[in-house]
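All values below come from the heavy atoms of this structure, side chains included, with hydrogens, waters and symmetry mates left out. Each residue takes its place number in the sequence, starting with 1.
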Amino acid sequence: MKKEEHILIIGAGLCGSLLALRLAQRGYQVSLIEKRPDLRCTDIAAGRSINLAFSDRGIKAMNLVGLKGKAKDLCIPMQGRMIHNLGQDEFLSRYSGLESEYINSISRTDLNALLLDEAEKMSNVSIQFNQSCTDVDLQKAHATFEDYNTKETQTIKADIIFGADGAGSVVRKSMLEDHLFLFSFSQEYLTHGYKELTIPPGENGSFRIEKNALHIWPRGENMVIALPNLDGSFTVTLFLSYEEGEYNFKNLTTPEKVQEYFDTAYPSAAAHMPTLTEDFFNNPTGALGTVKCSPWNSFGKVMLMGDAAHAIVPFYGQGMNASFEDVVVLDEMIEKYEGDWNTTFLEYQKKRKIDTDAIADLAIDNFHEMKEHTAAPIFQQKRKLETAFEQEFPKEYASKYRLVTFQEEIGYAEALEKGRAQDKAILNLLAQNRIDAQLSLQEKLVLVNQETLEILNEDAVLKVK
């Protein structure tokens, strides 16, 4: 094992910091370079997703580096979606039939800071901030950086480079512009953008709305969600069309218009948002896009990780978890092929890309489900049935959401295939009134499994054709 190898990681966000820590634990010499200031000293989160959904795949990664306990201390459990229908009482739609299965709200900054702190403790890790990558020599594994303050440049020579520099990756751009190998790239945006807003804490740091839930105000084409923070506040995100509909980002141009929209569409949220209009105009409007590319590595020396390789929209709460799982899978490949980076990278991509493509597609699916279907009666029938199955027969049945979120031993691609078939099976049976009230829960499960198997078989035949 060539532990004297120098590894350069470009990007000290969540994925890059976790990767640096894990590779340092394996004994490599690691340089971690970040273009932004040190988030532990400067607030750089304005307008970005301040908190994230942290679930089993991400927890598995934190366990790998020995930080599961410290990460859990930063979490607020969310048992399900609290649905706020217009003019109706809210209700909780649980994520799983098992009380032990829930997702967590966690601060992006706090989690990133924890990883940086732990990486910094390692004698074989050096970290630099305010260094913007301007050029990457893929064949030589050299990268050039410009200091944000002094404008001085430096070139860092490494044996291996990891590009963990996010959806706008400079490392990926270098691959795209290199003419010595074929590189495929796509970036697709939704017609919706997002805006971060706030529900502040109540008196004495209390929570103004239910603490242990992810709140959703679904309104057909648009929606608002809210996740709890440890200080009693909620990070609120408006997902809104850029140009379509009566209200959109293009025509919400005055405080009065913004307030009118929220009072009309989200009155139960607006009642808790005293700084609504200030937040709306102070925070940027973010784009929602999906990045897919191939290959992720070049010349056996440079590898893309996390959002740089596979950025997704946030609607399955799996962006961070998928990037963390990248590190887990890469670690397995290093364990198997250590000393042969080219094989490590090829086998890593072969195993991983099918799953990251799947979670990208699932995230788009969930966008439509959250804004349109969560409040629909047939969807609620489906969720109640799935919850009952999971409560009574947890080993025999797992919903698509449970497969994706709580069964980390299953790849995203398998979860997508089986989960979509199950969804179609239940919705078909409900629409055809074949799930009779007289049937026992066991009989209903048998019926759903039979229908699911038929759909999977049909899909397999279509793939062969």
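Using a 4.5 Å heavy-atom cutoff, the side chains of Glu414 and Glu417 are not in contact.
Ala20 approaches Leu32 most closely through the heavy-atom pair CB-CD2, 4.0 Å. Considering all non-hydrogen atoms of both residues, Arg172 and Cys293 come closest at CD-SG, 4.0 Å. Closest heavy-atom contact between Ala398 and Gln407: CB-NE2, 3.6 Å. The minimum heavy-atom distance between Ser17 and Leu116, with the atom names listed, is OG-CD2, 3.4 Å. Across all their heavy atoms, Gly80 and Leu92 have their closest contact at C-CD1, 3.7 Å. Between Phe183 and Pro295, the shortest heavy-atom distance links the atoms CE1-O, 3.0 Å.
Using a 4.0 Å cut-off between a side-chain N of Lys or Arg and a carboxylate O of Asp or Glu, Lys173 and Asp165 do not qualify as a salt bridge. Taking 4.0 Å as the cut-off between side-chain N and carboxylate O, Arg402 and Glu101 count as a salt-bridged pair.
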>> Test side-chain contact (heavy atoms from CB on, under 4.5 Å) on Val404 and Tyr412; report intermediate values, then the result.
In response: CA-CA 6 Å; Val404 169; Tyr412 287 126; 3.9 Å; yes
> Under the side-chain contact (heavy atoms from CB on, under 4.5 Å) criterion, do Phe234 and His272 qualify, and how do the steps go?
Replying inline: CA-CA 10 Å; Phe234 286 79; His272 300 293; over 6 Å; no
> Given Ile9 and Met305, is the side-chain contact (heavy atoms from CB on, under 4.5 Å) satisfied, shown in steps?
Replying inline: CA-CA 10 Å; Ile9 301 173; Met305 296 286 291; over 6 Å; no
> Hey, mind stepping through Arg94 and Glu99 against salt bridge (Lys or Arg N to Asp or Glu O under 4.0 Å) and telling me if it holds?
Replying inline: CA-CA 9 Å; Arg94 296 185 67 89; Glu99 290 189 6; 5.3 Å; no
>> One pair to check against side-chain contact (heavy atoms from CB on, under 4.5 Å): Phe324 and Gln318. What are the steps and the verdict?
In response: CA-CA 10 Å; Phe324 276 16; Gln318 287 295 307; over 6 Å; no
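A side-chain donor-acceptor contact under 3.5 Å links Asn321 to the backbone of Ser55. Lys68 places no side-chain N or O within 3.5 Å of a backbone atom of Ile59 that could act as its donor or acceptor partner. Counting only distance, with no hydrogens or angles, the side chain of Asn104 and the backbone of Ile106 share no donor-acceptor pair below 3.5 Å. Formation of a donor-acceptor pair under 3.5 Å by the Asp147 side chain with backbone atoms of Asn149 is found in this model. Put simply, the side chain of Gln131 never gets that close to the backbone of Phe145: no donor and acceptor are under 3.5 Å apart. A donor-acceptor distance shorter than 3.5 angstrom exists from the side chain of Glu390 to the backbone of Ser399, with no hydrogens or angles considered. The backbone N or O of Pro200 lies less than 3.5 Å from a partner atom in the side chain of Arg208, making a donor-acceptor pair. Judged by distance alone, the side chain of Asn366 and the main-chain N or O of Phe315 form a donor-acceptor pair under 3.5 Å. Formation of a donor-acceptor pair under 3.5 Å by the Arg219 side chain with backbone atoms of Ala265 is found in this model.
Of the N and O atoms on the side chains of Tyr189 and Gln187, at least one donor lies less than 3.5 Å from an acceptor on the other residue. Defined by atom type and a distance below 3.5 Å, a donor-acceptor pair is missing between the side-chain atoms of Gln422 and Glu386. A donor atom on one side chain and an acceptor atom on the other are not found under 3.5 Å apart for Thr356 and Glu325. Inspection of the Glu90 and Asn85 side chains reveals no N or O donor paired with an N or O acceptor under 3.5 Å. With hydrogens and angles left out, the side-chain atoms of Asn222 and Ser241 include no donor and acceptor closer than 3.5 Å.
Residue Glu244 qualifies as open at atom CD: its count of foreign heavy atoms under 6.0 Å is 12 or below. Around atom CG of Leu182, no more than 12 heavy atoms belonging to other residues, nucleotides or ligands sit under 6.0 Å away. Annotation: Glu409, atom CD; neighbour count of heavy atoms from other residues, nucleotides and ligands within 6.0 Å is above 12. Other residues, nucleotides and ligands place more than 12 heavy atoms under 6.0 Å from the CD atom of Glu278. Within a 6.0 Å radius of NZ in Lys257, other residues, nucleotides and ligands contribute more than 12 heavy atoms. Heavy-atom contacts from other residues, nucleotides or ligands closer than 6.0 Å to CZ of Phe185 number more than 12. Heavy-atom neighbours of Lys400 NZ from other residues, nucleotides or ligands within 6.0 Å: above the threshold of 12. Heavy-atom neighbours of Lys292 NZ from other residues, nucleotides or ligands within 6.0 Å: above the threshold of 12.
Exactly one of Asn124, Leu18, Val30 qualifies for a side chain to side chain contact (heavy atoms under 4.5 Å, CB included) with Leu23. That residue is Val30. Exactly one residue among Asp331, Leu330, Leu115 makes a side chain to side chain contact (heavy atoms under 4.5 Å, CB included) with Arg22. That residue is Asp331. Each of Phe249, Phe239, Phe367 was compared with His192 under the ring pair (Phe, Tyr, Trp, His ring centres under 6.0 Å) criterion, and only Phe367 meets it. Considering Thr237, Thr285, Asn283 in turn, Thr285 is the only one that fulfils the side chain to side chain donor-acceptor pair (under 3.5 Å) rule with Lys195.
Taking the ring centroids of Tyr316 and Tyr401, they lie under the 6.0 Å cut-off.
Annotation: cation-pi geometry satisfied between Lys151 and Tyr148 (NZ/CZ under 6.0 angstrom from ring centroid, within 45° of ring axis).
Every pair passing side chain to side chain donor-acceptor pair (under 3.5 Å) that includes a residue from residues 302-315 is listed here, sequence neighbours excluded: His310-Asp326.
The structure places NZ of Lys35 at 11.5 Å from CD1 of Ile10, a figure rounded to the nearest 0.5 Å. Note that CG of Leu252 and OH of Tyr247 are 8.5 Å apart. Values are rounded to the nearest 0.5 Å. Distance OG1/Thr344 to CE/Met333: 8.5 Å, rounded to 0.5 Å.
Between Trp341 and Phe345, the ring planes lie tilted relative to each other; the angle falls in the 30° to 60° range.
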